[in-house]
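What follows is a set of notes on a single structure, which appears directly below.
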Amino acid sequence: MDDGQHLSRAYEPDHTAVRVALWRALHVQADAPPHVLDDEIGLRLADPGQDWRERGDMTMPGVSGVRASIVARARFVEDLVAERADAGATQYVILGAGLDSFAQRRPELGSRLRVFEVDQPGTQAWKRQRLAGLGYDVPSWLTFVPVDFEAGDSWGERLTAAGFDPQKPTVVASTGVSMYLTRETNAATLRQVAALAPGSVFATTFLQPLDMLDPDQRQVQEFSMRNAAASGTPFVSLYSPDEMRQAALEAGFTKAVHVSPDDLAARYFAGRPDGLRPPEAEQFLVAEV
């Protein structure tokens, strides 16, 4: 057995990372242009087989809204990175990077920064092998930072050891992560990012409590919560927008702005004849140091 075969069997990608990558590709394949995000690289990495569009998580109730939310958050973060790079940010940290393909799709922007992908060692090792197999080189400005969260590794310490400079303005993004973490862990992440250099910004998504959703969207989120729990990754932390803003300010950020799905819809989905738009469940917080 060669090393590549051994690695592919030893490591598996995180199932939530695969699901997100497939939803991003489904937007390209199932929704009419213009596409909010054109990303099928994650699909190529995941290599899920020809019938992947028949999977339960690709056909579940409300899936069109879910994929709209997934591509809107990715596009929003990348637009924020471009804006902040123009304003002097020199680093971009992706927490829980999964099968994110920013480095492969946006080299013209990535090459202006130091980009750090932070993720679990197994998923990251698998991803690096798949990228190599598809012919993607790792550019000099991209650094993979494996962090074993379950073993108590500090992502901040691992990041600094990998060459990150906490004294330089940075964009930190964490999307689709907060609901899997305890409130204590989320608060610790907020404090760590709030301690970075002035001019840094943190973009994170969070899910609202069920009682803040209308009945149809509550049903979709309950379905997602059951699936997550059955997969061994239950949702443990849900926040109202006011709670999330307050948590950021208490952590030391000077400014915290709530960005709603309505804001994203106005920016990225206006005028679509198919009515595609992100649902109310997932919200954004943009906090500035």
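Atoms considered below: every heavy atom in the structure, side chains included; atoms not considered: hydrogens, waters and symmetry mates.
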Checklist entry - Where do Phe202 and Val289 land on the side-chain contact (heavy atoms from CB on, under 4.5 Å) test, with the steps shown first? => result CA-CA 8 Å; Phe202 183 44; Val289 178; over 6 Å; no
Checklist entry - Using the ring of each side chain (for Trp, its six-membered ring), is Phe76 parallel, tilted or perpendicular to Phe284, with breaks at 30° and 60°? => result tilted
Item to check | Presence of salt bridge, Glu108 and Arg106, under 4.0 angstrom | outcome: yes
Checklist entry - Considering only heavy atoms from C-beta outward, does the side chain of Asp79 approach that of Tyr268 to under 4.5 Å? => result yes
Checklist entry - Under 3.5 Å, side chain of Thr204 to main-chain N/O of Leu285, donor-acceptor pair present? => result no
Checklist entry - Just wondering, are more than 12 heavy atoms of other shown residues or ligands nearer than 6.0 Å to CD in Glu157? => result no
Checklist entry - Ion pair present between Asp39 and Arg75, side-chain N to carboxylate O less than 4.0 angstrom? => result no
Checklist entry - Checking Arg272 side chain against Ala32 main chain: does a donor-acceptor pair fall under 3.5 Å? => result yes
Next on the checklist: Just checking Gln29: does its CD atom have more than 12 heavy atoms from other residues, nucleotides or ligands closer to it than 6.0 angstrom?
Outcome noted: yes
Sequence neighbours left out, cut at 3.5 Å: what donor-acceptor pairs do the side chains of residues 254-267 make with other protein atoms?
{"from": "Thr254", "atom 1": "OG1", "to": "Glu288", "atom 2": "O", "distance (Å)": "3.2"}
{"from": "His258", "atom 1": "NE2", "to": "Gln283", "atom 2": "OE1", "distance (Å)": "2.5"}
{"from": "Ser260", "atom 1": "OG", "to": "Asp262", "atom 2": "N", "distance (Å)": "3.3"}
{"from": "Ser260", "atom 1": "OG", "to": "Asp263", "atom 2": "N", "distance (Å)": "3.2"}
{"from": "Ser260", "atom 1": "OG", "to": "Asp263", "atom 2": "OD2", "distance (Å)": "3.2"}
{"from": "Asp262", "atom 1": "OD1", "to": "Arg277", "atom 2": "NH2", "distance (Å)": "2.5"}
{"from": "Asp263", "atom 1": "OD2", "to": "Ser260", "atom 2": "N", "distance (Å)": "2.9"}

Checklist entry - In chain order, what residues pass the side chain to side chain contact (heavy atoms under 4.5 Å, CB included) check against Ala30, with sequence neighbours excluded? => result Leu26, Arg53, Arg67
Donor-acceptor pairs are to be reported for all side-chain atoms of residues 187-197 against protein atoms at under 3.5 Å, with residues two or more places apart or in another chain.
{"from": "Thr189", "atom 1": "OG1", "to": "Thr185", "atom 2": "O", "distance (Å)": "3.2"}
{"from": "Gln192", "atom 1": "OE1", "to": "Trp155", "atom 2": "NE1", "distance (Å)": "2.9"}

Checklist outcome for this item: Scanning both residues in full, the closest heavy-atom pair of Ser178 with Ser237 reads O-CB, 3.8 Å
Checklist entry - Looking only at atom types and distance, does a side-chain atom of Ser69 sit under 3.5 Å from a main-chain N or O of Pro278, one as donor and one as acceptor? => result no
Checklist entry - Does the gap between the ring centers of Phe235 and Tyr180 come in under 6.0 Å? => result yes
